[in-house]
Amino acid sequence: DALTNYNWPETLEVGLIGSCTNSSYEDITRAASIASQALEKGLDVKSEYTVTPGSEMVRFTTERDGYLKVFEDIGGVVLANACGPCIGQWARHSEDPNKKNAIMTSFNRNFAKRNDGNPNTHAFVASPEMVTAFSISGSLHFNPLKDTLTNKEGVSIQLDEPEGLELPLQGFGVDDAGFIAPAVDGEGLTVVVS
């Protein structure tokens with residue numbers, strides 16, 4: 001298989017979802033449906049797992065609707081809605097930053113050194129729900145379509161197909177979208193830049 005042929009690490013150290021690319025409301029709900037299954041079926045997350053909403057509106061709405069709490073409940077860390085890990089601005093936890101390692105993201109780029117500055121990091125790109133499933137398994141050998149995982153009680157279980165909502169049932173919400181509308185009449189305004 002490709003892991004053996006290319007000498008890629010088997011262990012998935014970190015799964016990262018979000019960024020501007022794959023963090024629509026639907027993306028978050030589909031990934032949260034996998035995370036909810038982990039909770040319901042007694043699975044622990046094996047990889048470090050982070051969620052970066054792509055906008056304040058999506059962050060606010062998914063938090064309001066309880067999806068961000070699901071990620072936290074499985075051990076995930078919800079980061080600010082910013083570029084963060086996608087451009088390598090995150091606190092990467094690694095015992096040996098020079099060893100070959102694997103991460104999986106739902107971001108849009110995976111060239112060497114992109115996400116953590118380490119040329120030994122193999123960054124794989126997948127959908128948010130696939131990244132979540134692989135983070136639960138902790139292995140790049142995992143096939144969520146057919147493989148089983150052993151839960152806390154020692155029972156083999158399989159993940160179900162993710163479900164998601166295209167749009168929030170209560171509509172989108174946001175307290176502060178970070179936008180200030182321009183003045184209706186800008187004639188008398190002075191812009192001062194130091």
Side-chain angles (χ1 to χ4, degrees), residues 1-19 21-23 27-28 30-53 67-68 70-79 83-162:
D1 73 350
L3 291 176
T4 305
N5 292 343
Y6 293 106
N7 197 25
W8 291 332
E10 177 182 347
T11 301
L12 178 65
E13 291 192 10
V14 187
L16 306 104
I17 69 166
S19 88
T21 307
N22 286 299
S23 66
D27 290 328
I28 297 293
R30 291 176 64 79
S33 77
I34 298 292
S36 292
Q37 289 181 50
L39 291 171
E40 293 164 8
K41 296 180 179 196
L43 293 168
D44 288 322
V45 176
K46 303 283 193 275
S47 304
E48 186 178 336
Y49 182 69
T50 67
V51 179
T52 309
Y67 295 110
L68 297 187
V70 171
F71 296 129
E72 292 170 347
D73 288 347
I74 65 165
V77 175
V78 178
L79 303 172
C83 297
C86 188
I87 61 171
Q89 293 181 334
W90 58 305
R92 175 75 196 272
H93 304 110
S94 179
E95 293 173 12
D96 179 2
N98 297 314
K99 75 170 183 160
K100 274 189 175 183
N101 69 93
I103 66 174
M104 187 177 289
T105 79
S106 67
F107 307 156
N108 56 2
R109 294 179 179 93
N110 68 338
F111 53 83
K113 298 168 68 172
R114 168 70 181 191
N115 300 117
D116 65 1
N118 183 353
N120 296 309
T121 297
H122 296 276
F124 298 91
V125 177
S127 68
E129 58 269 27
M130 290 298 282
V131 173
T132 304
F134 275 84
S135 297
I136 293 165
S137 78
S139 171
L140 292 178
H141 278 292
F142 179 64
N143 180 346
L145 296 176
K146 65 179 183 174
D147 292 345
T148 61
L149 298 169
T150 304
N151 70 8
K152 297 173 192 174
E153 289 77 38
V155 177
S156 289
I157 61 95
Q158 192 169 16
L159 294 171
D160 300 319
E161 187 174 330

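Counting begins at 1 with the first residue of the sequence.
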Charged N to carboxylate O under 4.0 angstrom, E161 versus R30? no
So, the side chain of D27 versus the backbone of P128: is there a donor-acceptor pair under 3.5 Å, distance only? no
Closest approach of P144 to M130 (non-hydrogen atoms, all atoms of both residues): CG-CE, 3.6 Å
If you round to the nearest 0.5 Å, how far is CD of E13 from CD of E48? 9.0 Å
Side chain to side chain contact (heavy atoms under 4.5 Å, CB included) assessment of K41 paired with L149: CA-CA 10 Å; K41 296 180 179 196; L149 298 169; over 6 Å; no
Kindly compute the distance separating CG (D160) from OG (S36), expressed to the nearest 0.5 Å. 11.5 Å
Rounding to 0.5 Å, atoms CG (D44) and CG (N151) come to a distance of 9.0 Å
Gap between atom NZ of K46 and atom OG of S139 - 0.5 Å precision: 11.0 Å
Contact summary for G117 and P119, nearest pair of heavy atoms: O-CD, 3.6 Å
With a 4.5 Å heavy-atom cut-off, do T121 and K100 have their side chains touching? no
So do the side chains of F134 and I136 get within less than 4.5 Å of each other, counting heavy atoms only? no
Any side-chain heavy-atom pair of I157 and L43 under 4.5 Å: yes
Given side chains that start at C-beta, do those of M104 and L140 come closer than 4.5 Å, heavy atoms only? yes
Closest heavy-atom contact between Y49 and A31? OH-CB, 4.4 Å
Hey, which of T52, N115, V14 is the one that makes side-chain contact (heavy atoms from CB on, under 4.5 Å) with P85? T52
What closest approach, in Å, do V131 and A126 show between heavy atoms, and which atom pair accounts for it? CG2-O, 3.9 Å
Could you tell me how the ring of H122 sits relative to the ring of W8: parallel (under 30°), tilted (30 to 60°) or perpendicular (over 60°)? tilted
Would you name the heavy atoms of G18 and S23 that are closest together and state the gap between them? CA-CB, 3.7 Å
Quick check for you: to the nearest 0.5 Å, what is the distance between D147 atom CG and S156 atom OG? 10.5 Å
All heavy atoms of S106 vs all of S127, minimum pair found to be CB-C, 4.1 Å
Give the intermediate values and the outcome of side chain to side chain contact (heavy atoms under 4.5 Å, CB included) for residues V155 and T150. CA-CA 5 Å; V155 177; T150 304; over 6 Å; no
Compare all side-chain heavy atoms of F107 with those of L16 and state whether any distance is below 4.5 angstrom. yes
Atom CD of E129 and atom CG of L159: how far apart are they, to the nearest 0.5 Å? 12.0 Å
Within the 4.5 Å heavy-atom criterion, are F71 and T50 side-chain neighbours or not? no
Could you walk me through whether N108 and T21 satisfy the side chain to side chain donor-acceptor pair (under 3.5 Å) test, starting with their C-alpha distance in whole Å, then the side-chain angles of each, then the deciding distance to 0.1 Å, before giving a yes or no? CA-CA 6 Å; N108 56 2; T21 307; 3.1 Å; yes
Tested for side-chain contact (heavy atoms from CB on, under 4.5 Å) against S47, the lone hit among T11, T132, I103, L12 is L12
State, with a plain yes or no, whether a side-chain heavy atom of N118 is found less than 4.5 Å away from one of N101. yes
